[in-house]
Visitor: 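Dropping a structure here in structure tokens format, bear with me for questions.
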Amino acid sequence: MVSMERPEAESSPRRAVIATGTGRYADPWHPFPATSSRIADALRADGWDVTVDDDVDHALSSLDGFDLLVVNAGDPWREGATALGHGGADPAADAGLRSAIARGIGLVAVHAALSSLRDHPAWREAIGGEWQPGVSWHPPIGDARVRVVDGDHPVSGGMPHLDVFDERYSDLVVDDGARVLAVHDVDGAEHAAVWVREAPTRAVVCSLGHDERSYDAPGHIELLQRAARWAARV
């Protein structure tokens, strides 16, 4: 009897694209190409076929066939410390992102992605939070503990606290519909560090990842791998 099951070797690999900050999505503080390389390594080690695209608009306009979008890019409305006017969304990029979200692509927002894609309201809605200028801030970069506060979710379940060298985003705006999984503490105050959202698609926000040193923490790598699997439903 001939088996009708598809051989494992012929199954389609899960595909991820990392939109990396260059051009108007770059800034003086974040080494996006280096950190995107570390993210790509983490995902490939977990079985993903990964494309790193250093043209954010191209990445957003070319999401057909991808299961996961990771955004590791900066604020297009700023040039260094200088605020710029709103640039306006590239029409093809905006249409591509909206279409991908509508079909259920998984999203992972890393660190500065909380202030990126500002020309795309669909992104802000999907990730359920943001860095808000004049409200959000960070203490000096350094050693930090990120505490898991929700151990009942696939992204964080059974994970220990994360000890990382990183820049801790504080007083982020987090929507009511988001589920906070991990926090960090500054001067006795608790701040959301990792959260998830399930509508309009699955999204994981990880505010960690300022530079390569953050990815030296094995727990951070495991968190990214779990986030990718959950967001993309694989």
Side-chain angles (χ1 to χ4, degrees), residues 12-27 29-79 84 86-131 197 200-212 214-215 224-225 227-234:
S12 298
R14 51 195 179 191
R15 300 184 66 211
V17 59
I18 303 171
T20 302
T22 61
R24 71 189 184 107
Y25 290 99
D27 64 41
W29 308 292
H30 299 99
F32 293 120
T35 50
S36 286
S37 178
R38 296 293 295 271
I39 295 167
D41 288 346
L43 295 184
R44 288 176 181 135
D46 202 37
W48 289 84
D49 177 358
V50 181
T51 297
V52 179
D53 196 329
D54 63 5
D55 182 334
V56 172
D57 289 334
H58 176 266
L60 299 183
S61 65
S62 308
L63 292 172
D64 287 351
F66 286 101
D67 306 290
L68 181 73
L69 167 64
V70 181
V71 176
N72 183 38
D75 187 347
W77 291 1
R78 302 188 70 84
E79 185 172 324
L84 304 174
H86 301 181
D90 176 276
D94 196 56
L97 178 62
R98 290 179 181 276
S99 176
I101 289 173
R103 69 171 167 82
I105 192 172
L107 304 177
V108 175
V110 176
H111 197 58
L114 281 157
S115 61
S116 195
L117 305 193
R118 292 196 186 274
D119 296 314
H120 302 278
W123 172 253
R124 169 62 182 81
E125 177 189 5
I127 66 171
E130 66 180 338
W131 169 287
R197 186 174 170 89
T201 191
R202 283 191 177 183
V204 182
V205 174
C206 179
S207 65
L208 305 174
H210 176 80
D211 63 24
E212 302 99 310
S214 177
Y215 298 96
L224 280 173
Q225 292 170 337
R229 286 185 232 126
W230 179 80
R233 297 176 170 85
V234 297

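Just so it is clear, the values below take in all heavy atoms, side chains as well, and ignore hydrogens, waters and symmetry mates.
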Visitor: Under a 3.5 Å distance rule, please check whether Ser214 uses its side chain to pair with a backbone N or O of His210 as donor and acceptor.
Guide: no
Visitor: If you look at every heavy atom in Ala73 and Val56, which pair is closest and at what distance?
Guide: CB-CG2, 4.1 Å
Visitor: Mind listing the closest non-hydrogen atom pair of Ala113 and Ile127 along with its distance?
Guide: O-CD1, 4.4 Å
Visitor: Considering all heavy atoms of both residues, which atom of Ala109 and which atom of Trp123 are nearest to each other, and what is their separation?
Guide: CB-CZ2, 3.6 Å
Visitor: Taking the side chain as every heavy atom from C-beta outward, state whether Leu114 and Val205 have any pair of such atoms under 4.5 Å apart.
Guide: yes
Visitor: What are the two closest non-hydrogen atoms of Pro76 and Ser115, and how far apart are they?
Guide: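 Smallest interatomic distance, heavy atoms only, reads CD-O, 4.0 Å.
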Visitor: When you measure from the side chain of Thr201 to the backbone of Ile105, do you find a donor-acceptor pair of N or O atoms at a distance under 3.5 Å?
Guide: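 Present.
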Visitor: Would you call Val17 and His58 a side-chain contact if the rule is heavy atoms closer than 4.5 Å?
Guide: no
Visitor: Show your working on side-chain contact (heavy atoms from CB on, under 4.5 Å) between Asp57 and Arg24 and close with a plain yes or no.
Guide: CA-CA 10 Å; Asp57 289 334; Arg24 71 189 184 107; 3.8 Å; yes
Visitor: Quick one: does any side-chain atom of Arg14 pair with a main-chain N or O of Asp67 as donor and acceptor, under 3.5 Å?
Guide: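 Flag not set: sc Arg14 to bb Asp67 has no pair under 3.5 Å.
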Visitor: Within the 4.5 Å heavy-atom criterion, are Tyr215 and Thr35 side-chain neighbours or not?
Guide: yes
Visitor: Are the side chains of Leu68 and Val234 in contact, using a 4.5 Å heavy-atom criterion?
Guide: no
Visitor: Are the side chain of Ser116 and the backbone of Ala112 linked by a donor-acceptor contact shorter than 3.5 Å?
Guide: no
Visitor: Show your reasoning for whether side-chain contact (heavy atoms from CB on, under 4.5 Å) applies to Asp27 and Asp75.
Guide: CA-CA 8 Å; Asp27 64 41; Asp75 187 347; over 6 Å; no
Visitor: Roughly how far apart are His111 NE2 and Ser207 OG, rounded to 0.5 Å?
Guide: 8.0 Å
Visitor: As an exercise, state the distance from CG of Leu63 to CG of Asp53, rounded to the nearest 0.5 Å.
Guide: 9.5 Å
Visitor: For the residue pair Arg44 and Val52, what are the closest heavy atoms and their distance?
Guide: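 Looking at all heavy atoms of both residues, the shortest contact is NH2-CG2, 4.5 Å.
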Visitor: Side-chain contact, heavy-atom cut-off 4.5 Å: Leu117 with Leu60?
Guide: yes
Visitor: Please check this pair: side chain of Arg197 against backbone of Glu125, looking for a donor-acceptor N/O pair closer than 3.5 Å.
Guide: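 The answer is yes, because a donor-acceptor pair under 3.5 Å joins these two groups.
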Visitor: Kindly indicate, with the supporting measurements, whether the criterion side-chain contact (heavy atoms from CB on, under 4.5 Å) is fulfilled by Ile101 and Leu69.
Guide: CA-CA 10 Å; Ile101 289 173; Leu69 167 64; over 6 Å; no
Visitor: Where the side chain of Arg202 meets the backbone of Arg233, is there a donor-acceptor pair that is under 3.5 Å apart?
Guide: no
Visitor: Kindly state each residue pair satisfying side-chain hydrogen bond (donor to acceptor under 3.5 Å, both in side chains) with at least one member in residues 96-109, sequence neighbours excluded.
Guide: Asp94-Arg98
Visitor: Establish, from distance only, whether the side-chain atoms of Asn72 and Ser36 form a donor-acceptor pair under 3.5 Å.
Guide: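 Distance-only check passes for Asn72 and Ser36.
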Visitor: Do Asp54 and Phe32 make a side-chain contact, defined as non-hydrogen atoms from C-beta onward lying under 4.5 Å apart?
Guide: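 Heavy-atom side-chain distance check fails, nothing below 4.5 Å.
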Visitor: Is the shortest side-chain N to carboxylate O distance from Arg38 to Glu212 below 4.0 Å?
Guide: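 So Arg38 does not pair with Glu212 through a salt bridge.
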Visitor: Is Ser37 reaching over with its side chain to a backbone N or O of Pro33, donor-acceptor style, under 3.5 angstrom?
Guide: no
Visitor: If every non-hydrogen atom of Arg15 is compared with every non-hydrogen atom of Asp64, which pair is closest and at what distance?
Guide: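 Minimum heavy-atom contact is NH1-O, 4.2 Å.
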